[in-house]
Structure formats: C-alpha cells, structure tokens
Chemist: 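Take this structure, written in structure tokens, and hold onto it; I'll ask about it next.
Order of appearance sets the numbers: ligands from 1, and atoms from 1 within every ligand. Side chains are part of it too, since the values below use all heavy atoms of this structure and drop only hydrogens, waters and symmetry mates.
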Amino acid sequence: MPISLTRNFSIIAHIDHGKTTLSDRLLESTKTISDREKQDQLLDAMDLERERGITIKAHPVTMNYKAKDGKTYKLNLLDTPGHVDFSYEVSRSLAACEGALLLVDASQGVEAQTVANLNLAMQQNLHVIPVINKIDLPSADLDKCKRQLEDILQLPADEAVPASAKMGIGITDILEAIIRLVPPPKDPHDGYLRASVFDSVFDPYRGVVSYVRVMGGTIARGLKIRMMSTGLDYEVKEVGVFKPKMVATEKLHPGDVGYLIANVKSTADVKIGDTVTEMRHPAPTPLPGFKEIHPLVFSGIYPVSSEDFEALKMAVGKLQINDAAFTFMAESSAALGFGFRCGFLGLLHMEIVQERLRREFNMDVISTYPSVIYEVTKTDGEEMLVDNPCFLPPTQMIAEIREPMVKIFLMVPNEYIGDMMQLVMDKRGSVDHTETLDDNRVMLHCVLPLNEILVDFNDKLKSITRGYGSMDYEHAGYQASDLVKMDMLIAGEPVDAFACIVHRSKAESRGRALAGKLKEVIPQQLFVVAIQAAIGGKVIARESISALRKDVTAKCYGGDITRKRKLLEKQKEGKKRMKAVGRVNIPQEAFIEVLKTG
Ligand code: GDP
C-alpha cells in the first residue's frame with residue numbers, strides 16, 4: 001500500500017468524554033474487530049486501567065478503511081495514556097502521528113484535562129480535528145462547544161465533526177475527516193532506517209515487545225538493529241502490526257506503526273522515544289525529542305512484616321520488568337526496617353504501583369510520605385539531588401534549595417473562583433491569569449510547587465467545586481524556595497518515616513497537624529509519650545499521650561483460664577501489626593493515617 005494511503009492519528013479526550021466508546025466504534029465500523037472479539041479485548045485490559053478510566057499503556061491498532069473515494073486506507077490509531085504522569089509517553093505517541101482527534105463532550109464542553117495534551121499535539125505540529133461527541137444527549141450544546149473550541153483552544157470550529165459514539169452517529173464523517181485533513185506520513189528517502197519507539201511491554205513468552213513507528217527505511221525479521229540512545233545492538237526476531245491482536249508481517253515500511261521483537265531482556269533496555277536504526281548502516285542522527293525519563297516522586301515502600309522483605313523484592317523486580325519508568329533501590333529505615341526507595345512519574349503512577357503490589361502480589365506494604373526531588377546547592381558549592389528528607393544536609397550547609405514547580409490549568413464554575421484562589425494561595429501557588437470559558441466557568445492558569453499538589457489537591461478541588469472542577473498540569477522547572485526538614489520525635493526518638501521537607505512558613509501548622517494526628521493514632525502506653533515536631537533541634541509543636549496501665553486479664557478474676565489465654569493471644573495478634581520505635585509501639589494505621597495529613 002502506498003504511503004499516501006496511510007494515516008496515523010490519536011485521540012485526545014478528557015476522561016469520560018467517550019474515547020473508549022469512539023475507539024470501539026472505529027474498530028467496529030472498519031471491521032477490525034467483531035463483537036465477540038470486543039468482549040475479549042475488554043477482558044484483556046488491566047483491571048486497574050478500567051476501574052480508573054485511564055490508559056497506562058499506549059496500545060496502537062491498525063484499521064483498513066474503504067473511503068468514499070473508493071480507495072482503501074490504512075489508519076493507525078495510537079492510544080495515548082490518559083494522565084499527565086505519563087506526559088512524556090503521550091508526547092512520544094503523538095510524535096508518531098500526523099494528526100489527532102480532540103474529543104469534547106457536547107454536554108460538558110471543553111475540560112482542563114484536554115489542554116495539556118492539546119499543547120503537546122500542537123508542539124508536534126499535528127493536525128487537530130475537533131469531534132463533538134454525545135450530541136444525542138438532550139443537554140448537548142453544539143454551538144457552545146464550537147465557541148469554546150475557537151475561543152479557548154483556537155481550533156477551527158467549522159472543521160468540528162458532530163458525533164455520538166454511543167449511537168454510532170458521525171462515525172463515517174470522522175473517518176472521512178481523518179483522510180481529508182490528516183496529512184499522510186512523509187518518507188524522507190535518505191537511505192537510513194529510523195523508527196521511533198513509543199512504548200514497550202513485557203510478554204512473559206516473547207520477551208520485550210517494542211511499539212514502533214517507522215519514519216524512514218524498513219525493518220524486517222533478521223535485520224541487525226541498533227538502539228541509538230544505548231548503542232546496544234539486537235537482531236529482529238519478528239515484526240508485525242496490531243489488528244488489534246499482534247499479527248506478524250514481512251516488513252514494516254515508512255509510515256507504518258507496529259511492533260518489533262528482538263532479543264531484549266528487560267523493558268529497561270528499551271527507552272521510550274529512542275530511535276531504532278540499522279546496525280551496519282546507522283543513521284547519522286537520531287529522531288528528535290528523546291529524553292531519559294526520570295522519576296519525579298519518591299516514596300519508601302516497606303513490608304508490614306519484616307519476613308516479607310524477600311517477597312517484596314521479587315515483586316518490585318517483576319513490576320519493573322514491565323514498567324521501565326518505575327525505579328527502586330534497597331533502603332532501610334530505623335522505624336520501618338528494610339524496604340525500597342521507589343521512584344514514580346507522579347502520584348497516580350505511585351498509586352498504581354502500590355495497588356498492583358497489593359492485588360497482583362498480595363503484598364501488605366507501608367509507604368512513606370511521598371517526596372519530590374529537590375535540587376540542593378551546598379555552601380561548599382556541591383550540587384546534589386535529594387529525594388528522601390533524611391538525606392537533606394543540615395541547614396547551615398545549604399546555600400539554596402530548589403523545588404519542582406507545575407503549571408496547572410483549573411476549570412471551575414464561577415461561584416467557586418474565590419475558594420479555589422484561596423486554595424491555590426494556601427498551597428503556595430499563584431494565579432497567572434484567568435480566562436472566561438462560558439457564562440458559568442473560568443479557567444485559572446496557576447503555578448504551584450509540585451510538592452503541594454501531591455497528596456490532596458485534586459480531592460480538595462473536587463470537594464470545593466462539588467465535583468464540577470477539573471484540572472490538568474504540566475511541569476514547569478525548578479524554583480528556589482525556603483524549605484526546611486522537619487523531624488517528628490516520638491518519646492524523644494526521631495522517626496525517619498515521618499520526616500518531611502516543608503516550606504518554613506508552613507512548618508508550624510504542618511507540625512501541629514502531624515503531632516495531633518499521631519496523638520490520635522498511637523495507642524496509650526504504660527508511660528507518657530511526648531510527640532514533637534522539630535526543625536534542626538528546635539521544637540515547633542508538641543503533644544503528649546497520657547500513660548495507661550492496662551491489664552487485659554484483670555477482668556477475668558483469675559478463674560477462666562481459656563478466656564484469659566484468648567485475650568492474651570488477641571493482644572499478641574495486635575502487637576504483630578505494630579512497629580516498635582524505641583520504646584513505643586506504633587500501629588500500621590498510624591503510618592497510613594499520617595500520610596493522609598495534607
Ligand atoms: P473515556 O473515559 O473517554 O474512555 O469514555 P468512555 O468511552 O468510557 O465513555 C464514558 C461514558 O460516556 C460511558 O458511559 C459511555 O457509554 C458514555 N458515552 C460515550 N459516548 C457517548 C455518546 O455519544 N452519547 C452518550 N449519551 N453517551 C456516551
């Protein structure tokens with residue numbers, strides 16, 4: 001098939017605006033899948049992805065479409081991960097396309113989550129076709145959506161395709177618009193193989209499967225290839241396309257989207273955004289846009305019972321094979337024993353990994369308060385990166401600390417603007433400018449420290465706006481800030497798991513909140529327990545838990561021995577879920593509760 005008949009596109013949408021439904025419709029109407037296969041495909045998807053309505057892996061699919069002009073086109077739909085944590089992956093998937101559909105719910109209008117992805121698509125010079133979905137709904141307002149597309153997103157509203165993915169309305173119009181408006185791929189004809197890797201997965205039977213878009217040259221079985229960022233060479237064992245199941249083909253040609261399997265051991269060896277070239281005749285330069293991805297959020301993960309350390313080690317190792325963006329390193333904590341310092345792309349990624357540890361590996365884990373990476377310049381000029389509050393040098397050795405910032409897009413109904421601005425201020429942010437979206441809503445463009453949105457920002461947004469607000473963000477570099485390490489001392493002992501880096505102006509209130517929470521969750525002991533928050537030895541908040549003399553068997557009058565034994569057993573059981581810190585036993589729940597203290 002000539003390259004002029006190929007179209008590569010992806011779909012950008014706010015959650016629930018109908019991306020999955022539309023993708024299924026496109027597959028059905030091009031007869032790429034039958035109804036029975038549709039069922040299977042749904043069952044194949046990771047439970048977590050479905051529950052949360054997000055896509056973590058960018059599954060591509062190739063469809064053949066016979067257009068009204070009588071020609072049969074090859075359409076490659078590249079699904080993009082639906083969350084900002086994976087924005088690098090999104091940018092690589094978009095870079096493999098020439099166009100994108102921007103899906104907007106006709107009853108909801110433009111939402112924040114589409115803005116960052118649309119920006120990425122614009123940066124890649126993609127042709128963006130707006131699709132206004134759910135026009136079957138009585139509350140659909142086509143004109144309002146069109147106005148928003150022009151005013152907020154500067155998209156040509158006259159190109160917008162009205163559709164209902166659910167009722168199957170406008171599907172052919174969408175396919176025809178793709179053919180008409182998305183440019184075909186260009187073959188550079190420069191004699192070099194260049195293919196970009198936009199994702200990879202680990203298949204237990206076949207090893208690492210890399211998802212590629214060929215820019216120039218061809219890839220076939222037996223070809224010796226080189227990954228340009230690592231310089232590692234491999235032999236191609238198989239190439240193929242997604243229909244949507246993997247189907248082996250002879251070759252992948254310029255403009256094609258498909259997969260390649262080579263003798264690669266771990267997904268960590270296949271870098272997303274890397275360029276595949278021919279070993280014997282390598283391209284002089286790689287494709288643009290490659291970046292090493294580095295985790296942005298760190299947290300310690302510890303087994304609840306220390307005997308499970310080996311099992312946890314196996315589990316994190318297995319997870320990493322399939323998720324190159326997840327990193328881990330053994331570490332130990334005085335409070336929690338042996339565990340791992342884990343790195344994630346963002347908070348959602350962290351939650352996904354923790355949830356998978358629980359579900360797929362049956363691991364009972366405690367995780368420490370998430371931390372971002374701080375850049376520190378010491379007074380002796382040394383530069384260091386700190387991802388764990390315990391490793392922050394003493395204040396007198398720090399010349400400057402810089403923290404990662406994010407640019408946030410907030411869409412909120414008018415009546416909540418005041419409360420939202422207050423929230424942004426409370427989180428040390430600033431509102432750059434506001435934009436009126438329609439009669440009811442505005443978009444606030446804000447800049448905040450990443451650290452401040454880690455734990456509860458989205459929850460707060462939802463509760464302030466009664467669920468009507470939405471947000472999206474992109475990274476915005478580092479900024480110097482007056483940050484300090486705060487220790488929590490229990491009965492005079494610093495508990496490393498509770499240490500955190502906070503802004504000086506917030507240290508006292510945060511110290512109080514933490515101490516108060518600890519007072520609630522740590523059971524009374526046989527002695528008075530002091531709980532203190534301190535900065536560099538200076539106590540800034542304190543609480544104390546009064547002493548208790550508890551004899552669980554006292555009520556048994558010494559007579560009923562079985563009852564007595566049962567009570568003792570129960571008490572022992574209770575102890576197992578405690579971590580002994582110095583003289584104090586801290587229940588597992590305390591660690592979890594404290595992490596929730598925003
Ligand atoms: P995604 O999160 O963007 O993948 O959205 P889904 O495709 O899962 O759709 C979210 C909800 O909207 C589901 O309940 C769909 O049935 C519904 N939906 C999708 N398209 C339409 C449509 O055209 N009309 C109506 N009324 N509902 C739709």
Chemist: Check ligand 1 against Ser164 and write out every atom of the ligand that is under 4.0 Å from a heavy-atom position of the residue.
Modeler: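 Selected atoms, number and element: 22 (C), 23 (O), 24 (N).
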
Chemist: Is a donor on one side and an acceptor on the other found under 3.5 Å between the side chain of Asp274 and the backbone of Ser229?
Modeler: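 Checking the backbone N and O of Ser229 against the side chain of Asp274, a donor-acceptor pair under 3.5 Å is found.
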
Chemist: Between Tyr416 and Tyr468, is the ring centroid distance below 6.0 Å?
Modeler: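 They do not qualify: ring centres at least 6.0 Å apart.
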
Chemist: Is the backbone N or O of Asp105 less than 3.5 Å from a side-chain atom of His17, with the two atoms forming a donor-acceptor pair by type?
Modeler: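 Looks like yes, one N/O pair under 3.5 Å.
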
Chemist: Any ion pair linking Glu176 and Arg180 (charged N to carboxylate O, less than 4.0 Å)?
Modeler: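 Salt bridge: no.
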
Chemist: Considering only heavy atoms of Asn133, which atoms of ligand 1 have at least one such atom less than 4.0 Å away?
Modeler: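 With Asn133 as reference, the close atoms of ligand 1 come out as 20 (N), 21 (C), 23 (O).
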
Chemist: Can you find an N or O of Ala13 that's nearer than 3.5 Å to an N or O of ligand 1?
Modeler: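 No, Ala13 has no N/O under 3.5 Å of an N/O on ligand 1.
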
Chemist: What about Phe344 and Phe298, are their ring centers closer than 6.0 Å?
Modeler: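 No, they do not, as the ring centres are separated by 6.0 Å or more.
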
Chemist: Is the contact between Leu137 and ligand 1 made by the side chain, the backbone, both, or neither, using heavy atoms and a 4.0 Å cut-off?
Modeler: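 The part of Leu137 near ligand 1 is the side chain, not the backbone.
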
Chemist: Under 4.0 Å from a heavy atom of Lys19: give me the atoms of ligand 1 that qualify, with their elements.
Modeler: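 Once the distances to Lys19 are compared, the set is 1 (P), 3 (O), 4 (O), 5 (O), 7 (O).
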
Chemist: Any nitrogen or oxygen of Gly18, side chain or backbone, less than 3.5 Å from one on ligand 1?
Modeler: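 N/O-N/O distance below 3.5 Å exists for this pair.
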
Chemist: Strictly below 4.0 Å, N to O, side chains only: are Lys74 and Asp256 in salt-bridge contact?
Modeler: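 Between Asp256 and Lys74 there is a salt bridge, with a charged N closer than 4.0 Å to a carboxylate O.
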
Chemist: Side chain or backbone of His17 under 4.0 Å from ligand 1, or both, or neither, by non-hydrogen atoms?
Modeler: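 His17 to ligand 1: backbone contact only, side chain stays beyond 4.0 Å.
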
Chemist: Check each atom of ligand 1 against the heavy atoms of Asp16 and keep those under 4.0 Å away; list them by number with element.
Modeler: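 Near Asp16, the atoms of ligand 1 are 1 (P), 2 (O), 3 (O), 5 (O), 10 (C), 12 (O).
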
